[in-house]
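Have a look at the structure below, then the notes.
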There are 4 protein chains.
Amino acid sequence: MSPAPRNTDPAPETAPKRPDPARRSERSRQAVLGATRELVSEVGYAKLSIEAIAARAGVGKQTIYRWWRSKGTVVFDAFLALSEEAGGVVLPDTGDIEADLKAVLRATVAEFADPAFEAPIRALNLEIAGDPELAAQYRERLAAPVDEAKRERLRSAQRAGQIRADADLDLALELLYAPLYQRWLLRTGPLTGEYADALVEHVLRALRP
Amino acid sequence: MSPAPRNTDPAPETAPKRPDPARRSERSRQAVLGATRELVSEVGYAKLSIEAIAARAGVGKQTIYRWWRSKGTVVFDAFLALSEEAGGVVLPDTGDIEADLKAVLRATVAEFADPAFEAPIRALNLEIAGDPELAAQYRERLAAPVDEAKRERLRSAQRAGQIRADADLDLALELLYAPLYQRWLLRTGPLTGEYADALVEHVLRALRP
Amino acid sequence: MSPAPRNTDPAPETAPKRPDPARRSERSRQAVLGATRELVSEVGYAKLSIEAIAARAGVGKQTIYRWWRSKGTVVFDAFLALSEEAGGVVLPDTGDIEADLKAVLRATVAEFADPAFEAPIRALNLEIAGDPELAAQYRERLAAPVDEAKRERLRSAQRAGQIRADADLDLALELLYAPLYQRWLLRTGPLTGEYADALVEHVLRALRP
Amino acid sequence: MSPAPRNTDPAPETAPKRPDPARRSERSRQAVLGATRELVSEVGYAKLSIEAIAARAGVGKQTIYRWWRSKGTVVFDAFLALSEEAGGVVLPDTGDIEADLKAVLRATVAEFADPAFEAPIRALNLEIAGDPELAAQYRERLAAPVDEAKRERLRSAQRAGQIRADADLDLALELLYAPLYQRWLLRTGPLTGEYADALVEHVLRALRP
DNA sequence: CCGTAACCGAGACGGTACGTCTCGTCTTGGA
DNA sequence: TCCAAGACGAGACGTACCGTCTCGGTTACGG
């Protein structure tokens with residue numbers, strides 16, 4: 001039996017001195033996230049400053065820099081915290097996959113149209129698009145459970161014979177949501193209920209047995 | 001005595017003093033756009049500053065503020081100029097719509113994978129996503145001609161009976177490109193030739209007569 | 001004839017980019033010096049901050065950093081400006097060197113005792129003691145003319161036969177003023193008129209023919 | 001009815017919670033003083049921080065704040081400890097007051113010229129000049145014994161008839177040392193052996209019978 | 001053909017925010 | 001209870017850029 005290697009870490013190099021999470025002030029964390037949500041709504045993401053967050057939260061700037069890498073990570077956490085409270089996602093399953101998908105996509109369209117959601121969601125998306133590490137966290141903590149719920153609904157339709165057994169469900173999800181997302185993000189066209197319906201109809205045509 | 005005339009003039013209001021485009025220095029314009037392209041490649045969009053552009057271009061800051069609204073518009077123009085040089089877009093038409101689309105999407109995948117293109121294209125996309133006015137310009141001057149070429153190829157396939165006569169070609173384009181775009185922008189999955197092929201196959205299934 | 005050498009400069013090395021004094025804003029300069037004098041009086045030298053000076057003066061911080069090396073140099077200039085306005089110094093010459101010196105030293109004692117002068121003069125002295133470059137400027141621009149006036153009074157006494165012809169007048173000045181200065185700076189003893197008188201009497205004993 | 005008692009209590013007032021000196025860790029005290037001496041030499045007094053002292057000494061910051069009022073008092077103690085080890089001061093007494101004083105002043109000049117002493121002594125002096133309480137401590141614990149030794153040498157010269165019986169010895173000491181001190185502190189002139197000699201000669205002229 | 005009015009490079013200005021540093025206080029866990 | 005350790009609110013540091021505002025210099029009309 002060979003001895004367990006003690007330290008396989010290839011690059012310690014004068015450790016960057018991480019803070020101790022056990023001693024973190026929960027009160028400060030909440031204050032920062034709350035202030036961030038308020039300020040994003042008030043002045044928008046681009047004009048958001050760490051200075052302003054600290055002031056609004058009644059917190060020292062160092063406390064923010066100690067626990068977050070960048071403005072983007074703070075904003076991300078601020079909305080992540082909100083979403084995680086929201087709890088599990090359940091999609092409707094009436095047995096009619098077309099009707100159910102239309103309902104879900106119309107709901108998504110409505111969400112994108114709500115100006116109160118629009119600004120922060122856009123900010124969050126830009127942040128994610130520009131930072132691979134945030135993107136990874138986003139996928140794991142926010143997108144994954146939602147996607148799984150959507151995939152499950154498609155699987156149910158498969159079992160009901162409404163979708164081909166050999167369909168690639170991940171690709172199917174992308175076909176459903178990416179056009180919506182792109183229209184919204186780049187404002188390349190109107191986002192309406194009719195559009196959502198047409199989208200669902202086209203995609204289902206590709207998926208039916 | 002006649003009443004003092006109210007100022008019903010709806011527009012001038014201490015005119016904002018537009019510069020005279022006729023006297024604009026072409027040399028300065030080119031220097032700014034060139035310096036901008038260099039700097040975006042070197043330091044990325046987020047760390048790009050007007051100050052640095054002016055210094056690199058050997059140009060006064062005022063010259064930039066005189067002719068561009070914001071950092072975003074400069075970057076936009078810098079890449080617009082490049083693309084417009086590229087000239088008209090023509091898509092292959094071998095008569096086989098599936099093969100042609102696969103070739104085009106694989107080319108797009110390759111472009112997204114090229115790290116030299118990646119950074120500035122991403123920067124440009126973030127800028128467009130965050131600024132509706134830039135988005136409009138982008139659609140008119142860059143996206144429109146390319147989209148028209150793509151639509152024309154689909155129309156040709158329609159005439160050849162490879163695509164249903166009543167298909168919505170705009171939606172078809174979105175179904176083809178949006179999933180690719182989303183994967184790239186949010187890094188939600190690998191971008192490979194196989195993926196492009198599968199995408200084309202699925203979408204065509206929805207479009208065939 | 002040999003060609004004129006183009007560049008004999010031995011150490012250019014990415015020049016530190018000096019600002020152009022010709023374009024300096026006199027209004028800003030005055031505002032900074034004024035604000036500095038006010039703040040030194042109000043909060044003392046130790047608690048004086050560049051930030052506060054800039055705010056009080058209605059000036060950007062960079063404007064201070066552009067023209068002054070350190071907090072010390074600003075304070076120095078602030079009081080230098082005051083003193084230089086004061087104009088030429090003239091010492092009394094009644095013909096009685098002892099009486100005149102007593103009067104002058106008593107005046108100095110009174111100045112040191114005045115709390116309005118005390119704080120800033122002490123701040124200035126600490127700054128000078130800690131920064132050789134400031135010390136040099138202080139000697140040239142403030143101390144030199146005053147010292148020359150004092151030396152001239154002693155020379156006049158020499159001509160009148162009240163002081164030895166071969167006396168070292170610079171040393172004489174130090175003997176007169178250094179004890180006073182030391183008592184004040186280190187608070188090693190009471191500063192009174194009697195002390196000034198005793199000092200003059202002792203020093204004159206060393207200087208008389 | 002008796003009058004409400006006035007609070008004649010001169011001290012407690014919501015007691016400031018003094019630590020118990022008996023339980024003080026000698027190891028910590030030494031570590032702090034040692035680290036302080038090192039750091040003053042390395043970075044100078046102005047850039048010295050409590051934070052850095054604590055880190056270098058391997059001591060909690062609170063331990064410093066518990067036992068010292070300010071950065072100045074720590075520095076002061078650090079050098080005080082050094083000097084007190086040095087033990088009693090004895091001045092030479094060859095019977096020739098002029099030769100003896102010249103030797104002593106030349107030694108002082110040499111000390112001031114030594115760059116290893118220069119920096120910390122200057123730091124200490126600035127601190128004393130800016131803090132009356134430190135100044136008092138300095139006089140009692142450091143200056144007093146040295147001054148007494150010097151005064152004793154002058155008294156001995158008085159007994160020997162080399163100095164007038166009615167001379168003010170305290171003033172004499174100031175006449176001897178203040179010029180030296182001032183030249184050093186403000187760098188107003190060269191500090192040489194010749195200067196020390198000239199100083200002694202002038203002062204003695206004022207003191208002789 | 002000669003002002004004179006624009007653009008131009010340059011860069012100082014009043015500001016905002018950055019990210020770091022240190023202050024002096026407070027909290028935790030170990031001896 | 002003291003200590004090492006270090007998180008905390010606070011706020012100054014010195015730097016980077018912002019967008020505006022002069023400065024001279026240099027075109028390029030238009031009287």
Side-chain angles (χ1 to χ4, degrees), chain A residues 17-25 27-29 31 47-55 57-67 69-71, chain B residues 17-25 27-28 31 47-55 57-67 69-71, chain C residues 17-25 27-29 31 47-55 57-67 69-71, chain D residues 19-25 27-28 31 47-55 57-67 69-71:
Chain A
K17 207 175 175 186
R18 302 284 176 87
D20 175 358
R23 310 189 51 180
R24 180 165 190 181
S25 159
R27 130 188 289 273
S28 293
R29 190 177 155 270
K47 299 206 164 180
L48 180 66
S49 72
I50 300 254
E51 205 113 311
I53 296 173
V59 138
K61 286 200 290 173
Q62 202 61 261
T63 298
I64 299 184
Y65 286 108
R66 212 188 327 267
W67 301 110
R69 269 193 310 109
S70 67
K71 188 175 75 167
Chain B
K17 206 176 174 188
R18 299 286 178 82
D20 175 359
R23 309 194 52 176
R24 180 167 189 181
S25 159
R27 128 188 290 274
S28 293
K47 299 204 163 180
L48 180 66
S49 72
I50 300 256
E51 206 111 314
I53 295 173
V59 136
K61 286 199 292 173
Q62 201 58 256
T63 299
I64 298 184
Y65 286 108
R66 215 191 322 271
W67 302 109
R69 262 196 315 111
S70 68
K71 187 174 77 165
Chain C
K17 209 175 173 184
R18 303 283 176 91
D20 176 358
R23 308 190 51 182
R24 180 165 191 180
S25 159
R27 132 188 287 274
S28 294
R29 191 178 154 269
K47 300 205 162 182
L48 180 66
S49 73
I50 300 255
E51 205 114 311
I53 295 173
V59 139
K61 285 202 288 173
Q62 201 59 36
T63 298
I64 298 183
Y65 286 108
R66 214 191 320 273
W67 301 110
R69 271 193 308 110
S70 68
K71 189 174 76 167
Chain D
D20 175 358
R23 309 196 53 175
R24 180 168 190 180
S25 158
R27 127 190 289 275
S28 293
K47 299 204 162 181
L48 180 68
S49 71
I50 300 255
E51 208 109 313
I53 295 174
V59 136
K61 287 198 291 171
Q62 203 57 256
T63 300
I64 299 184
Y65 286 109
R66 216 190 320 273
W67 301 110
R69 263 197 314 111
S70 68
K71 189 174 75 166

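It should be emphasised that the depicted structure is a prediction, and the values quoted were computed from it without experimental measurement. Chain A is the first sequence line, chain B the second, and so forth, proteins listed ahead of strands; every chain is numbered from 1.
- Looking at D:Lys71, its side chain does come within 3.5 Å of a backbone N or O of D:Leu48 through a donor-acceptor pair.
- In terms of phosphate contacts, B:Ser28 brings no side-chain nitrogen or oxygen within less than 4.0 Å of OP1 or OP2 of E:dC7.
- With DNA chain F read from its 5' end, the first of the two nearest nucleotides for D:Gly60 and A:Ala57 is the one closest to D:Gly60.
- Listed here is the closest heavy atom pair of C:Gly60 and C:Ala54: C-CB, 4.3 Å.
- Residues passing the side-chain contact (heavy atoms from CB on, under 4.5 Å) test with B:Ser49 are B:Glu51, B:Ala52, sequence neighbours excluded.
- Between E:dA12, E:dC8, F:dC8, one nucleotide has an atom nearer to the side chain of C:Arg66 than all others, and that is E:dA12.
- If you take CH2 of C:Trp67 and P of F:dG14, they are 18 Å apart, rounded to a whole angstrom.
- Counting to the nearest Å, the C1' atom of E:dA12 and the CZ atom of C:Arg27 are 14 Å from each other.
- Listed by chain and number, the residues in a side-chain contact (heavy atoms from CB on, under 4.5 Å) with A:Arg23 are A:Asp20 (sequence neighbours excluded).
- For the OP1/OP2 pair of F:dC2 and a distance below 4.0 Å, the side-chain nitrogens and oxygens of D:Thr63 include no atom meeting the criterion.
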Quiz item: Nucleotide by nucleotide, 5' to 3', does protein get under 4.0 Å of the base (B), only the sugar-phosphate (S), or neither (-) in nucleotides 24-31 of chain F, counting heavy atoms?
Solution: ---BS---

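- With rounding to whole Å, C:Ile64 atom CD1 is found 16 Å from E:dA12 atom P.
- Distance, A:Arg24 CZ to F:dC8 P: 7 Å, rounded to whole Å.
- Per the geometry, CD1 belonging to C:Ile53 stands 12 Å off P belonging to F:dA12, to the nearest Å.
- Across every non-hydrogen atom of A:Ala57 and A:Ala31, the tightest pair is CB-O, 3.5 Å.
- Open room surrounds CZ on D:Arg27; 12 or fewer heavy atoms of other groups in view lie less than 6.0 Å from it.
- Every residue meeting the side-chain contact (heavy atoms from CB on, under 4.5 Å) condition with B:Thr63, not counting sequence neighbours, appears here in chain and number order: B:Ser28, B:Val59, B:Arg66, B:Trp67.
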Quiz item: Nucleotide by nucleotide, 5' to 3', does protein get under 4.0 Å of the base (B), only the sugar-phosphate (S), or neither (-) in nucleotides 17-25 of chain E, counting heavy atoms?
Solution: BBBBBBBBB

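- Not counting sequence neighbours, the partners of C:Arg69 by the side-chain hydrogen bond (donor to acceptor under 3.5 Å, both in side chains) test are C:Asp131.
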